[in-house]
Amino acid sequence: MGLGRIGLPTAALFAKAGAVVTGVDIRKEIVNETNAGRSSLVDEPGLAEVIRDAVGSGNLRATLSPNEAIPAADFVVICVPTPVDQTKTPDYSAIEKASRTVGGLLRRGTIIVVESTIGPGIAEEMVLPILESESKQRAGRDFGLVSCPERSDPGNIVENMRTVPRIVGGLTPESTARVAALYESAFGVKTVRLSDPKTANAVKLTENLFRDVNIALANEFALLYEKLGVDAIEVINACASKYNFMPHYPGTGVGGPCLPSNSYYLISEGIKAGNIPYMIRLAREINDRMPDHVVELVGEALNDAGKTIRGSKISILGVAYKPNVRDSQLTPVERVVERLKEMGALVEIYDPMFKGERIFGLKVTTSLASAVNKADCVVVGTAHDEFKHLDLKGIAGRMQPHPSFVDARNVVTLAEATQAGFAFRGVGRRTAGT
Ligand code: SAJ
C-alpha cells in the first residue's frame, strides 16, 4: 500500500527476492509508470534496475484497485505518508484510510506490516481497532499486526534497505518472527525483534529525534561560536577525534519528509500522556530558526560591502533539503528565499537537481554561471557535490564589485572566500578580523 519513495523500492526488492507483489497506489501515473518498469525517483541509485527487473520477472505489478491484491495477500505492507499539518499535529488520515481499506478486504491469517513512521501506540490504538471493526476479525488471533518502520535515507534507499538492520515489533511473538524472517530472507538484512509495535515505533522516532536534537545542539554551538570568534566547524571536526563524539553539523536548518515532522508524533503522544518533551520541542524551535539566521548573515555580508538586502541580487545555490537528492520537501532554504524576497531582494536560484524547473515561484537557472552573473551575494543553501569545489575567483569575477558570500553548509572557508575578494559570512564560521 503506497508506491512512494519507500513503498516502491520495498515492493521491487520483495519481487526481486521472488515474492509475488502487487503494489497499490491512488496515483494513476505512478501505477502506469511502475507497470512500465520505470520510476520518477531518478535520484535513488540502483532503483531503476531493481524496478525494471522486478516488473520484467512478472513478480511486480501495480494497480489502483486494492480489491485485487489484498484478499490474496499473506502480507500487506503499509507505506503511506504521515505528515504533520499546519498546526504541527500528526496527520494520520492516509494510514487511517489504508487501514479501513485493508480491514474491509482482509483474509484470515494475513499479517499487516506498518512501515510508515507513526507515534508509539498509534498501531495499537488507531490501526488495530479499525482493522478489527472493518474485518470483524480479532488482531493477534485472526490476523497479525506488526510495526517494521522504514530506516532508509532518501538518496541511499536501495542500499540502506539491503544493509540497515530492520526493527520488528508485533502484537505476538509469532507475527514478529514471521515478519523478521520475511525481511531477513528478502532483503538479506539483520533484524532486531522487539516486544510490540509501539516499541518498534518508539525506536524509529528515538533515532530520528536523536539526530534532530543533536543537529539543534550543533546549530546552538554555531550561533554561540560566531559571537565568540571561534569556528564551530573546526571545533566539531576536532571533537570527532574522540571515540564517543558523533559529529552533527550546523547549517541552513533541518528539512525533509522526516526530521521536521517526526518530533511532533512523540510530542503529541507525550502531551496526551501528561509529559511535555521540552528538549525535543526546543530542538525543533532552534532548527526552525536557522533560516532566519542565514538571512541575518546575508544582511551582514552585504553591509560589509556597503549594500543592503533591498535592491541586491542574491543567488541561492541549492534548494534541496539535503545534498544530492531531488527533493525539496520542507526544505529550510524555502524560508530563506521567501524572507529575502519579502525584504526586496532580487532572488535567483541554481540547483543541479532542479535545473529549469519552477520552485518557490522562481525559475531555477540552468547553470551556476548564469545564477551568479551580476549578483551582489551568493548563498550556499545545500551542499550538493557540485558546490564542494567552487571556483570562487571565477564566481567573484562574474558578480557585481564588492561581492558577498554566505555559506550556510560549510563548503568554503573564511580564508578561501576572503582570498577571492568576498565579504564572507558562514553559519558557525569566523568573520574577517576575529
Ligand atoms: N542536517 C544538518 N546537519 C547534520 C545532518 C543533517 O543540518 O549534521 C540536515 C540535512 O541537511 C537535512 C536534515 O537535517 O535538511 C535531515 O537530513 P538527514 O541526513 O537526517 O536525512 P533524512 O531526513 O533524509 O533521513 C533521516 C534519516 N534518519 C537518521 O539518520 C536517524 C534516515 O535514516 C531515515 O530513514 C529518514 O530520516 C526517515 O525516513 O525517517
Side-chain angles (χ1 to χ4, degrees), residues 2 4-7 9-10 41 43-44 79-84 115-119 147-161 163-167 189 200-223 232-233 235-237 239-240 245-266 283-284 286-291 293-294 318-336 351 353 380-384 387 407-411 426-428:
R5 197 185 267 274
I6 295 296
T10 302
L41 294 170
D43 58 348
E44 284 302 340
C79 300
V80 296
T82 52
V84 291
E115 285 221 12
S116 305
T117 304
I118 53 179
S147 281
C148 180
E150 62 82 14
R151 303 175 92 189
S152 296
D153 257 7
N156 298 311
I157 286 185
V158 173
E159 191 262 337
N160 277 185
M161 282 185 176
T163 54
V164 178
R166 297 303 295 259
I167 302 289
V189 288
N201 294 124
V203 169
K204 167 67 190 201
L205 291 177
T206 302
E207 63 194 24
N208 270 7
L209 276 54
F210 170 89
R211 191 165 175 78
D212 196 45
V213 170
N214 278 287
I215 295 168
L217 185 56
N219 283 324
E220 184 137 79
F221 283 132
L223 300 177
I233 308 300
V235 170
I236 291 167
N237 288 342
C239 289
F245 183 89
M246 185 191 270
H248 293 77
Y249 292 90
T252 323
V254 170
C258 317
L259 268 60
S261 50
N262 286 181
S263 302
Y264 299 104
Y265 307 162
L266 210 50
R284 284 279 78 238
I286 293 169
N287 289 334
D288 281 351
R289 256 193 252 129
M290 290 312 286
H293 179 62
V294 173
V319 292
Y321 83 88
K322 71 173 185 179
N324 312 321
V325 293
R326 190 181 169 288
D327 192 332
S328 60
Q329 291 182 77
L330 299 175
T331 176
V333 186
E334 180 170 8
R335 181 159 172 81
V336 175
D351 189 309
M353 307 302 275
V380 177
T382 312
H384 291 306
F387 305 146
D407 179 9
R409 285 296 181 193
N410 80 67
V411 294
V427 172

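Hydrogens, waters and symmetry mates play no part in the numbers below; they use all other heavy atoms, side chains included. Each ligand, and each atom within it, is numbered from 1 in the order the structure gives.
Across Cys258, Ser261, Gly318, heavy-atom proximity to atom 37 (O) of ligand 1 is greatest for Cys258. Nearest to atom 21 (O) of ligand 1 by heavy atom, out of Met246, Gln329, Arg5, Lys322, is Lys322.
Between His248 and ligand 1, no pair of N/O atoms sits closer than 3.5 Å. Here's the thing with Gly255: one of its N/O atoms is less than 3.5 angstrom from an N/O atom of ligand 1.
Looking at atom 18 (P) of ligand 1, its nearest protein heavy atom turns out to be Arg211 NE, 3.5 Å. The closest protein non-hydrogen atom to atom 25 (O) of ligand 1 is Asp153 OD1, 3.4 Å. At the shortest separation from atom 26 (C) of ligand 1 among protein heavy atoms lies Leu259 CD1, 3.8 Å. The single protein non-hydrogen atom nearest to atom 10 (C) of ligand 1 is Tyr321 O, 3.9 Å, given as residue, atom name and distance. The nearest protein atom to atom 31 (C) of ligand 1, hydrogens excluded, is given as Asn208 OD1, 3.0 Å; this is a heavy-atom distance. The protein atom (non-hydrogen) at minimum distance from atom 6 (C) of ligand 1 is Ile215 CD1, 3.5 Å. Counting only heavy atoms of the protein, atom 35 (O) of ligand 1 lies nearest to Ser152 O, 2.9 Å.
Near Lys204, meaning under 4.0 Å from one of its heavy atoms, ligand 1 places the atoms 34 (C), 35 (O), 38 (C), 39 (O), 40 (O). Applying the 4.0 Å criterion to heavy atoms of Val254 picks out, from ligand 1, the atoms 13 (C), 14 (O), 15 (O). Below 4.0 Å from some heavy atom of Glu150 lie the following atoms of ligand 1, by number and element: 35 (O), 38 (C), 39 (O), 40 (O). Under a 4.0 Å criterion applied to the non-hydrogen atoms of Pro154, ligand 1 contributes the atoms 24 (O), 25 (O). The contact set between ligand 1 and Arg151, taken as ligand atoms under 4.0 Å from a residue heavy atom, comprises 33 (O), 35 (O). Distances below 4.0 Å separate heavy atoms of Tyr249 from the following atoms of ligand 1: 2 (C), 3 (N), 4 (C), 7 (O), 8 (O). Interface atoms of ligand 1 facing Glu207, defined by a heavy-atom separation under 4.0 Å, are 31 (C). Which parts of ligand 1 touch Gly253 is read off a 4.0 Å heavy-atom cut-off, strictly below it: atoms 7 (O), 9 (C), 15 (O).
The backbone N or O of Thr382 lies less than 3.5 Å from no partner atom in the side chain of His384, so there is not a single donor-acceptor pair. Under the 3.5 Å distance criterion, the side-chain polar atoms of Asn160 are matched with a main-chain donor or acceptor of Asp153. Panel note: side chain Glu115, backbone Pro149; no donor-acceptor pair is recorded below 3.5 Å.
Residue Glu150 is tested with Arg166, Arg5, Lys204 for a side-chain hydrogen bond (donor to acceptor under 3.5 Å, both in side chains); the sole match is Lys204. With Thr117 as the fixed residue, the side-chain contact (heavy atoms from CB on, under 4.5 Å) test singles out one of Leu205, Asn208, Ile6, Asn201: Leu205.
The heavy-atom pair separating Ala222 from Val427 by the smallest distance is CB-CG1, 4.1 Å. Closest approach of Asp327 and Pro257 over heavy atoms only: OD2-CD, 4.4 Å. Taking all atoms of both residues into account, the shortest heavy-atom contact from Ala218 to Pro250 is O-CB, 3.7 Å.
Here Arg409 has side-chain heavy atoms under 4.0 Å from ligand 1, and that is the only part of it that gets that close.
There is a side-chain donor-acceptor pair under 3.5 Å between Arg409 and Thr252. Inspection of the Tyr249 and Asn219 side chains reveals no N or O donor paired with an N or O acceptor under 3.5 Å.
To the nearest 0.5 angstrom, Arg211 atom CZ is 10.5 Å from Glu207 atom CD.
Using a 4.5 Å heavy-atom threshold, the side chains of Val164 and Val189 count as separate.
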(Q) Show, in sequence, the C-alpha distance, side-chain angles and deciding distance for Val254 and Tyr321, and conclude whether the side chain to side chain contact (heavy atoms under 4.5 Å, CB included) test is met. (A) CA-CA 7 Å; Val254 170; Tyr321 83 88; over 6 Å; no
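Not close to ligand 1: Thr117, with no non-hydrogen atom less than 4.0 angstrom away.
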